[in-house]
Q: 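My questions all concern the structure below.
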Amino acid sequence: MPAYRRALRKLELDTGLSVMDLATGTGILAAAFAERGHPTTGIDFAANLLNRARKKFPAVTFREMDLVELDGIRDGSFGIVSIGYFLHGVDSEFRKEVLEEAARIASDYVIVFDYGRPGNFVVRFIEWVEGPHYPVYLASSRVAEYREAGLEIVKDFPTSDFGQVWVCRHLTGRV
Ligand SMILES: C[S@@+](CC[C@H](N)C(=O)[O-])C[C@H]1O[C@@H](n2cnc3c(N)ncnc32)[C@H](O)[C@@H]1O
C-alpha cells in the first residue's frame with residue numbers, strides 16, 4: 001500500500017475522477033485512491049477477500065463480480081479504471097480482454113500497476129508457484145499490449161525494485 005500511495009501522490013490525478021479498481025483483492029489499491037478523495041469501487045470474484053476489504057476500508061464500495069462480466073458495465077462509467085498486480089497472472093488472451101474492457105469502461109485513464117522487471121528470488125518463487133504466465137508477461141511488450149487494447153501510455157515510472165505504473169489514455173482518435 002505505501003508504494004500505491006507514493007505513486008498516486010506523484011500522479012496528482014483529479015480527485016473528482018471516480019475509480020473502478022479491477023481484481024481489487026483486499027482493496028489496498030482501491031483504498032489508496034479513496035483516501036485521496038476519489039469515489040472508488042472495487043470488484044473481485046473472491047468473497048472472502050472482499051469481506052476483509054469491506055471491514056478495513058469502509059470508504060470504498062466493494063462488489064463481488066467476475067471480470068468476465070465487465071460487459072455489463074456501460075461505456076465510460078468511471079473516470080479511472082485501475083488494475084493492480086493482476087495482469088501478470090493471466091494468459092495473453094485474457095489480458096487483452098480485460099484491458100479492452102478497462103479501456104471501454106474508463107472515460108479518462110486506465111492505470112496499471114504490475115511487474116516492470118524481474119523480481120528477486122522470493123518474487124520469482126511465488127510467481128512460479130502461482131502459475132506459468134509471469135515469465136511470458138515479463139517477456140512481452142506493454143506498449144504493444146496497451147496499443148492493441150486501444151490505449152497509449154502517457155506516463156510510467158517504477159514504483160519499487162520490480163514494480164511499475166503505467167498511466168494510459170485512449171489512443172488519439174478513439175474514445
Ligand atoms: C494478486 S491479486 C491483486 C489484488 C490487488 N489488486 C492488489 O493490488 O493487491 C489478484 C486478484 O485477482 C482476483 N481475480 C482473479 N481472477 C479474477 C476474475 N476472473 N474476476 C475477478 N477477480 C479475479 C483474485 O481474486 C485476486 O484478488
Side-chain angles (χ1 to χ4, degrees), residues 1-11 13 18-36 38 40-73 77-78 80-106 109-120 122-138 142 145 149 156-168:
M1 192 162 180
Y4 285 151
R5 280 194 183 121
R6 271 197 307 275
L8 295 186
R9 206 177 305 131
K10 206 162 156 182
L11 288 173
L13 298 156
S18 61
V19 176
M20 161 59 89
D21 184 40
L22 304 181
T24 197
T26 52
I28 56 174
L29 176 54
F33 275 109
E35 56 181 43
R36 295 186 60 79
H38 295 274
T40 306
T41 305
I43 63 168
D44 202 286
F45 66 6
N48 58 332
L49 298 183
L50 292 179
N51 286 338
R52 275 162 55 189
R54 282 189 191 103
K55 281 191 196 122
K56 205 155 173 210
F57 305 119
V60 179
T61 303
F62 290 105
R63 279 170 53 193
E64 189 178 330
M65 187 175 161
D66 194 309
L67 296 183
V68 299
E69 296 160 11
L70 288 175
D71 57 356
I73 299 177
S77 297
F78 295 88
I80 299 168
V81 174
S82 61
I83 314 172
Y85 286 86
F86 167 76
L87 293 171
H88 71 273
V90 296
D91 65 31
S92 58
E93 206 175 308
F94 196 36
R95 278 206 298 278
K96 182 168 183 283
E97 203 178 307
V98 171
L99 281 168
E100 279 173 352
E101 284 297 82
R104 186 184 62 74
I105 293 166
Y109 297 103
V110 173
I111 301 185
V112 179
F113 288 84
D114 217 304
Y115 295 110
R117 61 205 70 78
N120 59 22
V122 179
V123 171
R124 293 204 304 276
F125 178 72
I126 292 169
E127 294 305 334
W128 176 75
V129 170
E130 292 207 335
H133 304 302
Y134 165 78
V136 181
Y137 173 86
L138 280 180
R142 300 286 78 77
E145 199 166 80
D156 70 313
F157 55 85
T159 55
S160 67
D161 289 347
F162 51 80
Q164 187 88 2
V165 60
W166 294 267
V167 179
C168 303

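Atoms within each ligand, like the ligands themselves, are counted from 1 in listed order.
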Q: Of all residues at least two apart in sequence or in a different chain, which pass the side-chain hydrogen bond (donor to acceptor under 3.5 Å, both in side chains) check with Arg9?
A: none
Q: Name the one of Tyr4, Tyr85, Trp166 that satisfies ring-ring contact (aromatic ring centres under 6.0 Å, His included) with Phe113?
A: Tyr4
Q: Go through the structure and list residues passing salt bridge (charged side-chain N to carboxylate O under 4.0 Å, His left out) with Glu101, not counting sequence neighbours.
A: Arg104
Q: Hey, what's the ring geometry for Phe162 with Tyr115, parallel, tilted or perpendicular (30° and 60° as the breaks)?
A: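 If you compare the ring of Phe162 with that of Tyr115, the planes turn out tilted.
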Q: Is the side chain of Thr24 donor-acceptor paired with the backbone N or O of Leu22 at a distance under 3.5 Å, no angle test?
A: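 Checked: no pair found.
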Q: Please output the side-chain donor-acceptor pairs of residues 55-68 that fall under 3.5 Å, not counting sequence neighbours, one pair per line with the distance.
A:
{"from": "Asp66", "atom 1": "OD1", "to": "Val68", "atom 2": "N", "distance (Å)": "2.9"}

Q: Considering only heavy atoms, which protein residues lie less than 4.0 Å from any atom of ligand 1?
A: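 The answer is Tyr4, Ala23, Thr24, Gly25, Ile28, Asp44, Phe45, Ala46, Leu49, Met65, Asp66, Leu67, Gly84, Tyr85, Phe86, counting any residue whose heavy atom sits under 4.0 Å from ligand 1.
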